[in-house]
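Remarks on the structure that follows.
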There are 2 protein chains.
Amino acid sequence: MHRGNRHGRSEQARLAVLEAADDLLVEKGFAALTVEGIAQRAGVAKQTIYRWWPSKTDILLEAFLTDAAEELTPPDTGDLTRDLVTHLTAISRFLTASDAGAVFRALAAEGQHNPRLAARLRAEHLTHQRARDRQPLERAQRRGELPAEADLDTLADRLVGPLYYRALVTGQQITEAFVAQLVRATLAGA
Amino acid sequence: MHRGNRHGRSEQARLAVLEAADDLLVEKGFAALTVEGIAQRAGVAKQTIYRWWPSKTDILLEAFLTDAAEELTPPDTGDLTRDLVTHLTAISRFLTASDAGAVFRALAAEGQHNPRLAARLRAEHLTHQRARDRQPLERAQRRGELPAEADLDTLADRLVGPLYYRALVTGQQITEAFVAQLVRATLAGA
DNA sequence: TTGAGTAGACGCAACGTCCCGTCTACTCTA
DNA sequence: TAGAGTAGACGGGACGTTGCGTCTACTCAA
């Protein structure tokens, strides 16, 4: 039920497409995700999709950025260890147990085959996520809890990298104990 | 130019297929990799491929396991730090700058969409690689350089995870300094 | 004569493009 | 100011293309 509009696209159609793509990915997986399927599920003509998105991964990326990118903000309790454990636990849950995480994993995977997508994912999500990951470290540095010359980017990689590695590569479970040990040992070595 | 053979398949055809798949992946990327393309490049009929491999990812996996899996064996100089720096540097080069690494990245990516492939990649490569990654740590533990109660699996994840994270997710360069700092700080926190 | 090989046609699914007719909001003119 | 005209997004659906995986027919050497 579209409403003709000379000036500008239909927000209703746009949202229906994003939601359909998101739902179908979670339900059937990336391999079964087709443009025609998205169109049908969204109640939208295929041409409407091609008019606004170059490919299905662009739909997924927009859906991901729209409703899921901002949720991984670390807390600020004044206690670095506690903040990191909470934050890394949230990242682990995101990666392994959330719908948004499933979309992220699909995008990261497609990024391996598609450099343009990888670049967009980095520019429009990972750089911002990196900034969020650094926040607890920066605050701790300001408090004097971390040495002024500590390299926070490297530190962030060392905290977050093992989680992505387990979630995306080995598939090992990320336990509470693993996160706790990761934080404890990493801070001990800083 | 086939050679009829009542007893067993043609090793020549098998190798030609594996090499063609490998080459085409590196040259054109995974998105452009097709069974028909592999058959043509290998000088083999499509049916010959389907007779022996269920899908193109199985071809890639076999190619990867055949000629590239064993190269990431860490050295044993008796000096843990040196061994780890050498080993992690080799892993980084493998992931970011080798043909075999390109195949691995493609397989890891496809594994996100295909649980059976992911399981095979883990069973037939990652578990063995994990064992290799642990070797320097086990030797150091035996030498008393690492505490007996150190969790070597976690330690291996903390060493190797950040490399995979950079190579597969963020795309950041992995510098010598990064590896050195990773090893130094990780051992300091153990 | 058996089994692995080549050659290539086939039906299927999804791709991305194209055209159609419909709908609405705006604009222009009588 | 009312009615006709126009622009642009939409749903619907046909189209040619590509790659998939299957199938049949034939070849060749042990």
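As judged by a 4.0 angstrom heavy-atom cut-off over every strand, B:Trp53 is placed among residues making no nucleic acid contact.
Counting to the nearest Å, the P atom of C:dA4 and the CD1 atom of B:Ile49 are 16 Å from each other. Following rounding to the nearest Å, A:Ile38 (CD1) and C:dG16 (P) show an atom-to-atom distance of 11 Å. Distance, A:Glu11 CD to D:dA9 P: 14 Å, rounded to whole Å. Following rounding to the nearest Å, B:Tyr50 (OH) and C:dC10 (P) show an atom-to-atom distance of 18 Å. Between the CD atom of B:Glu36 and the C1' atom of D:dT22 there is a distance of 12 Å, given to the nearest Å. What separates CG of A:Leu33 from C1' of C:dC15 is a distance of 13 Å, to the nearest Å. As rounded to whole Å, 13 Å separates atom P of C:dT6 from atom CD of B:Gln40. A straight line from NZ of A:Lys46 to C1' of C:dT17 spans 8 Å, rounded to a whole angstrom.
Between A:Trp52 and D:dA9, a side-chain N or O to OP1/OP2 separation shorter than 4.0 Å is absent. Within the 4.0 Å cut-off from OP1 or OP2 of D:dA9, not a single side-chain nitrogen or oxygen of A:Arg51 is found. Here B:Ser55 does not reach the OP1 or OP2 of D:dG21: none of its side-chain N or O atoms lies under 4.0 Å away.
A distance-only check finds a donor-acceptor pair linking the side chain of A:Arg166 to the backbone of A:Gln173 [under 3.5 Å]. Side chain of A:Gln141 to main chain of A:Pro147: a donor-acceptor pair is present (N/O by atom type, distance under 3.5 Å, no hydrogens or angles).
Side-chain to base pairing of A:Gln47 with D:dC10: no donor and acceptor N or O lie closer than 3.5 Å to each other.
Counting heavy atoms from C-beta outward, B:Leu80 and B:Arg143 have side chains that approach closer than 4.5 Å. Within the 4.5 Å cutoff, the side chain of A:His125 has heavy atoms near those of the A:Phe104 side chain.
Picking from D:dC10, C:dG5, D:dT22 the nucleotide with the shortest atom distance to the side chain of A:Ser10 gives D:dC10. Counting only heavy atoms from C-beta on, A:Ala13 has its side chain closest to D:dC10 among C:dA14, C:dT6, D:dC10. For B:Thr34, the listed nucleotide lying nearest its side chain is D:dG19; candidates were D:dG21, D:dG19, C:dC15. Checked against D:dG11, C:dA7, C:dG5, the side chain of B:Ala45 finds its nearest nucleotide in C:dA7.
Distance CG/A:Asp157 to CG/A:Leu152: 11.5 Å, rounded to 0.5 Å.
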